[in-house]
Structures are given as structure tokens and as C-alpha cells.
Amino acid sequence: MSAPVVTIDGPSGAGKGTVARLLASQLGFHLLDSGALYRILGYSALARGLSTDDVPALVELANALTVTFPFTVNNTDVCVDGVSIAGSLRNQAVAEAASQLAVYPPVRQALLDLQRRMRRAPGLVGDGRDLGTVVFPEAQVKIFLDADVEVRATRRYQELIEAGQTVELSAILRDLEIRDIRDRTRDVAPLVAASDARVIDSSKKTPAEVVAEVSEYCRAKGIG
Ligand code: DC
């Protein structure tokens, strides 16, 4: 039997990354930060001066990627070809590029195999937009984590400020709204809750509360 999978999908800033990391650590499972893959492509495209609509070049880049997440609970590192680039991925320009190139089916297809190959024993916790609907439709546990857009913008703002970036809350809110619309309305793999996903609103919950709720749900499904 293939390794169990827990998917956590939802919009940016809902807390997917934190919850996925804590849960993976608790279960001793591998972690897949699928947004990081799209961001890596966005970052690489910007670094090479490629346009985010140059689909053939993006597919070639995606096919050449070797990505690992050598994480611990406090380590959100991402390595590409063995080199840590996590520090370069969390900014608005890269997020915007990632969201733009994510609308192209050949680009998504190129990242699909990479994501599926990360399913290994004893199990995988993945977060993204389409993990429960497209990448792992047979996942044992599917969570759709949502939150009010103002709450999500404030969280992202605090994260970026803590990372030493100079940003404005109003600009973040606007960017999030634009990205939300693009992610939710694209033709292929739009951001939507799987019909069999458990929907959790994290607006008034701490990460620990969400993790406790997800863990309990996992146990009810025979995981953990
Ligand atoms: O989760 P994130 O903010 O790091 O993701 C950045 C962008 O990547 C997001 O705006 C849309 C895209 N993405 C996607 O299309 N599918 C995924 N599974 C994950 C991210």
C-alpha cells in the first residue's frame, strides 16, 4: 500500500505552512510545501530575466529542478540542487510571479510528478492549492484551511516585517486579493475545497488549536 497522505489546501496566509510543518513533525511524516515549488520557479524565472508567460522555458526549468525540504519544526528551509534558497522565496515579487506562472497547464503538469514523487513512507503532509483535488485526490485526509482576507494579510505582514522587509499592510491586502482571485478562477486546478475535505476557518484560531483539530481528525481516519 502506498504511504498515507494528508493534504492541507487553502489561500495564502490561512496558516497552511505552519500547520503542515507542525503536523508533519508530530506524525514523523515528510513535508511537501508545494507553494515553494511554484515560488522556486518564479524566483528562477525572475533571476534569469524570463517572462512568467514563457511556458516552454518554464517547463524546461521545472523539469531540471531537484528540490528538498530538510526541515525541522523551526526550519522552513528549501534547497534547490542542494543549495538553500528559502530566504529568497518569501517576497511579494516572487509570490506574484509564482501565482502568474501557476495558471499554465504545462507548467503545473511539469510540477505534478515532482510532487507525487515526494510521497514516501511513513507518510506525507503537503500544503498547497490543489493537493486534495488534483495532486493526491486519493489522500486519506484532506483539509481546506481558510481565514478572512484581513486576518491573512495581517499575518503575512507580520511575517515579512519579522523577516526584515519593508512592506505596507494595505499593499499586502491588495496583492492577496488579486492573487486570491487569480488562484480561485484559473481554468486548471483552481483553489477550491475538495468535496471530501474538512473545512476549517483559522481566523480566530491559533496554529496549535488548528493542529489539535487536524490531529484529532487524522486519528479518526486512522493516521497517527
Ligand atoms: O502557498 P504560496 O503562497 O507559497 O503559493 C504561491 C503561489 O503558487 C500561489 O499564489 C499559487 C501557486 N500555487 C499553486 O498554484 N498550486 C499549489 N499547489 C501551490 C501554490
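Model, not experiment: these values are computed from the prediction. Counting starts at 1 for both ligands and their atoms, in listed order.
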**Prompt:** Is it the side chain (CB and beyond), the backbone, both or neither of Q100 that lies under 4.0 Å from ligand 1, heavy atoms counted?
**Reply:** neither
**Prompt:** Which residue owns the protein heavy atom closest to atom 16 (N) of ligand 1, what's the atom, and how far is it?
**Reply:** R108 NH2, 3.1 Å
**Item:** Atom indices of ligand 1, in the order listed, that fall short of 4.0 Å to a heavy atom of R186
**Value:** 14 (C), 15 (O), 16 (N)
**Working for side-chain hydrogen bond (donor to acceptor under 3.5 Å, both in side chains), residues R182 and S99** = CA-CA 7 Å; R182 192 186 299 119; S99 175; 2.7 Å; yes
**Message:** I'd like to know whether ligand 1 has R182 as a neighbour, heavy-atom separation below 4.0 Å.
**Reply:** no
**Message:** Would you say R155 and S202 are linked by a side-chain donor-acceptor pair, where the criterion is simply a distance under 3.5 Å?
**Reply:** yes
**Prompt:** Regarding E162 and Q158, is there a side-chain donor-to-acceptor distance under 3.5 Å anywhere?
**Reply:** no
**Atoms in ligand 1 flagged as close to A102, the criterion being non-hydrogen separation under 4.0 Å** = 12 (C), 15 (O)
**Proximal atoms of ligand 1 relative to D183 (non-hydrogen, under 4.0 Å)** = 9 (C), 10 (O), 11 (C)
**Asked** Is there a donor-acceptor contact under 3.5 Å linking the side chains of R152 and S12?
**Response** no
**Message:** Below a 4.0 angstrom heavy-atom separation, can you tell me which part of R129, side chain or backbone, both or neither, approaches ligand 1?
**Reply:** both
**Prompt:** Looking only at N/O atoms, are S34 and ligand 1 under 3.5 Å apart anywhere?
**Reply:** yes
**Asked** Which atoms of ligand 1 have any heavy atom of R39 under 4.0 Å away?
**Response** 2 (P), 3 (O), 4 (O), 6 (C)
**Prompt:** Against heavy atoms of S12, which atoms of ligand 1 measure under 4.0 Å?
**Reply:** 3 (O)
**Asked** Without hydrogens or angle criteria, can the side chains of Y38 and R108 be said to hold a donor-acceptor pair below 3.5 Å?
**Response** yes
